[in-house]
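Naming convention: chains lettered A, B, ... in sequence-line order (proteins, then strands); numbering from 1 in each chain.
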Amino acid sequence: MPELPEAETIARGLNRILPGRAVRRVSVLREDVVDGPRDGFVAAVEGKCFNAAGRRGKNVVLSLGDSSRLVVNLGMTGRLLPELSRSTHPAVLFQMQDGGCLVYDDARRFGRLAILAAPEWRRWSRTLGPEPLARSFTGRRLHGILARSRSPVRNLLLDQKRIAGIGNIYAVEALWAGRVHPRAPANSVGPRSAARLHRALRKVLRNAIQARGTTLRDYRTAEGMEGGFGPALRAYGRAGQPCVRCRTTIRRIVFTGRPAYYCRRCQGSGHDLRSVHPMAVPSTRPREGSAP
DNA sequence: AGTGTATCCTGCAGGC
DNA sequence: TGCCTGCAGGATACAC
């Protein structure tokens, strides 16, 4: 669920309610969501004051008064909610000194919470790729990243170490908007297509942030609201429906275990597909040993 | 280097 | 209604 636009929306919401508030008590209800021993986690947060809320890639980053950071990877179903009453699967409860609280809620518990001291934070942040909305992330830079890999471009976009914050939904949407086939080898995307993909990617991410993200099921903003980007999806989840550009039926394919959606006409000459996956299996002869 | 698979978990939709 | 299967927005580890 939560990709860059969702993490950004949550961070903005928390930034309105969290800074300046001190944590009185931390209850780890589900030990598997915290990184390292429970006691260490609790001790690192109790008594500290929350400062600014931000984001790195698809992680929500909450600064604590002592320059350490609480990094929240929301996994598939993680949420950060300001009221326990909205929580269906509370995993960590932060009770504030002012009587309020912050709940980390996570049905599937694929999310992780980690406390990083300043140097660890810098080290960890360096393991992630560039922020796609940063000024420094240019079309040329994207092209440079793509040129170094033969992986399908969709997979490249999902790799947090190469570009931070993109998940399957926005990868699929950006590829549709940029008219690039999801399975095209990354290094087959030329500079012009890379520039188009770059513009498409940033536009999709910005529009999604403006709509407060995409709720397919579990995602909620810090205010408990659903995201509004769902109706703006043009490819993701639209298999069998007409492409809004050319009316060709949107297709769903699965590779590397994950679905991709695309328009064959806008995005995909079968050309690159065929060169990657030769359809030709010429032999109609029975395999050795299966002959009568 | 890249691909496929399994793993961590739960909830839900769809088929029977 | 209930049981079963497959699927899901993420990340990682492993074998090949």
Side-chain angles (χ1 to χ4, degrees), chain A residues 1-10 29-35 55-60 71-80 87-92 104-114 124 127-129 145-176 182-188 201 204-205 208-209 211-221 226-240 252-261 272-273 275-278:
Chain A
M1 155 218 329
E3 307 181 26
L4 185 157
E6 291 77 25
E8 177 69 25
T9 303
I10 291 167
L29 310 170
R30 295 291 200 159
E31 187 155 19
D32 50 1
V33 304
V34 302
D35 193 53
R55 176 191 64 73
R56 177 75 173 98
K58 44 179 93 158
N59 303 275
V60 176
V71 176
V72 182
N73 184 301
L74 299 154
M76 298 266 235
T77 54
R79 313 160 169 178
L80 284 162
S87 174
T88 55
H89 298 78
V92 181
Y104 178 69
D105 178 286
D106 192 346
R108 286 174 75 180
R109 304 206 301 282
F110 282 4
R112 288 295 173 271
L113 278 64
W124 171 80
T127 67
L128 296 180
I145 291 168
L146 299 181
R148 277 182 268 131
S149 171
R150 301 186 327 231
S151 283
V153 59
R154 193 279 312 258
N155 294 9
L156 227 279
L157 293 175
L158 294 184
D159 185 346
Q160 303 300 300
K161 292 186 283 298
R162 296 194 248 211
I163 305 170
I166 303 166
N168 204 34
I169 294 180
Y170 298 111
V172 162
E173 288 300 303
L175 290 163
W176 178 86
R183 201 161 195 170
N187 62 5
S188 75
L201 176 63
V204 165
L205 293 174
I209 290 170
R212 288 179 269 95
T214 305
T215 296
L216 294 187
R217 178 175 298 167
D218 302 283
Y219 160 71
R220 295 294 181 278
T221 70
E226 296 192 2
F229 198 67
L233 296 176
R234 296 290 178 252
Y236 190 87
R238 295 192 72 248
R252 178 185 191 268
I253 53 174
V254 177
F255 56 97
T256 327
R258 316 197 62 189
Y261 303 82
D272 34 19
L273 268 192
S275 61
V276 181
H277 277 286

When you measure from the side-chain N and O atoms of A:Tyr236 to the phosphate of C:dG9, is any distance below 4.0 Å, counting only OP1 and OP2?
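Result: yes.
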Report yes if at least one side-chain N or O of A:Thr214 is closer than 4.0 Å to OP1 or OP2 of C:dG9; otherwise report no.
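No, no such contact exists.
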Will you find, in the side chains of [X] and [Y], an N or O donor that is under 3.5 Å from an N or O acceptor?
X        : Y        : result
A:Arg154 : A:Asn168 : yes
A:Ser87  : A:Asp105 : yes
A:Glu3   : A:Tyr219 : no

Over how many whole Å does the gap from [X] atom [atom1] to [N] atom [atom2] extend?
X        : N      : atom1 : atom2 : result
A:Arg212 : C:dG9  : CZ    : P     : 23 Å
A:Leu216 : C:dG10 : CG    : P     : 10 Å
A:Leu233 : C:dG9  : CG    : C1'   : 11 Å
A:Glu31  : B:dC8  : CD    : P     : 17 Å
A:Leu146 : B:dA1  : CG    : P     : 17 Å
A:Asp106 : C:dA8  : CG    : P     : 18 Å
A:Arg154 : C:dG10 : CZ    : P     : 10 Å

Between [M] and [N], how far apart are the [atom1] atoms? Round to whole Å, please.
N      : M     : atom1 : value
B:dG2  : C:dG9 : C1'   : 23 Å
B:dT5  : C:dC7 : P     : 13 Å
C:dG10 : B:dA1 : C1'   : 22 Å

Consider side-chain contact (heavy atoms from CB on, under 4.5 Å). Of A:Ile166, A:Thr9, A:Asn59, A:Ile209, which one does A:Leu4 pass it with?
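Result: among A:Ile166, A:Thr9, A:Asn59, A:Ile209, A:Ile209 is the only option passing the side-chain contact (heavy atoms from CB on, under 4.5 Å) with A:Leu4.
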Any chance you could list the contact pattern along nucleotides 9-14 of chain B? Use B for base contacts, S for sugar-phosphate-only contacts and - for none, protein heavy atoms under 4.0 Å, 5' to 3'.
BBBS--
Protein proximity profile, nucleotides 11-16 of chain C - base contact B, sugar-phosphate-only contact S, no contact -, cut-off 4.0 Å on heavy atoms:
S-----
From C:dG9, C:dA8, B:dG2, nucleotide with atom closest to A:Arg252 side chain:
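For the A:Arg252 side chain, the nearest candidate turns out to be C:dA8.
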Got a minute to check which stems DNA chain C is part of, using Watson-Crick or G-U wobble pairs under 3.5 Å, three or more consecutive?
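For DNA chain C the paired stretches long enough to count as stems (3 pairs minimum) are B:2-8 with C:10-16, B:10-16 with C:2-8.
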Return the minimal non-hydrogen interatomic distance between A:Gly129 and A:Ala164, and the atom names on each side.
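That would be O-CB, 3.5 Å.
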DNA chain B: A:Arg162 or A:Arg112, which has the more 5' nearest nucleotide?
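Closest to the 5' end, via its nearest nucleotide, is A:Arg162.
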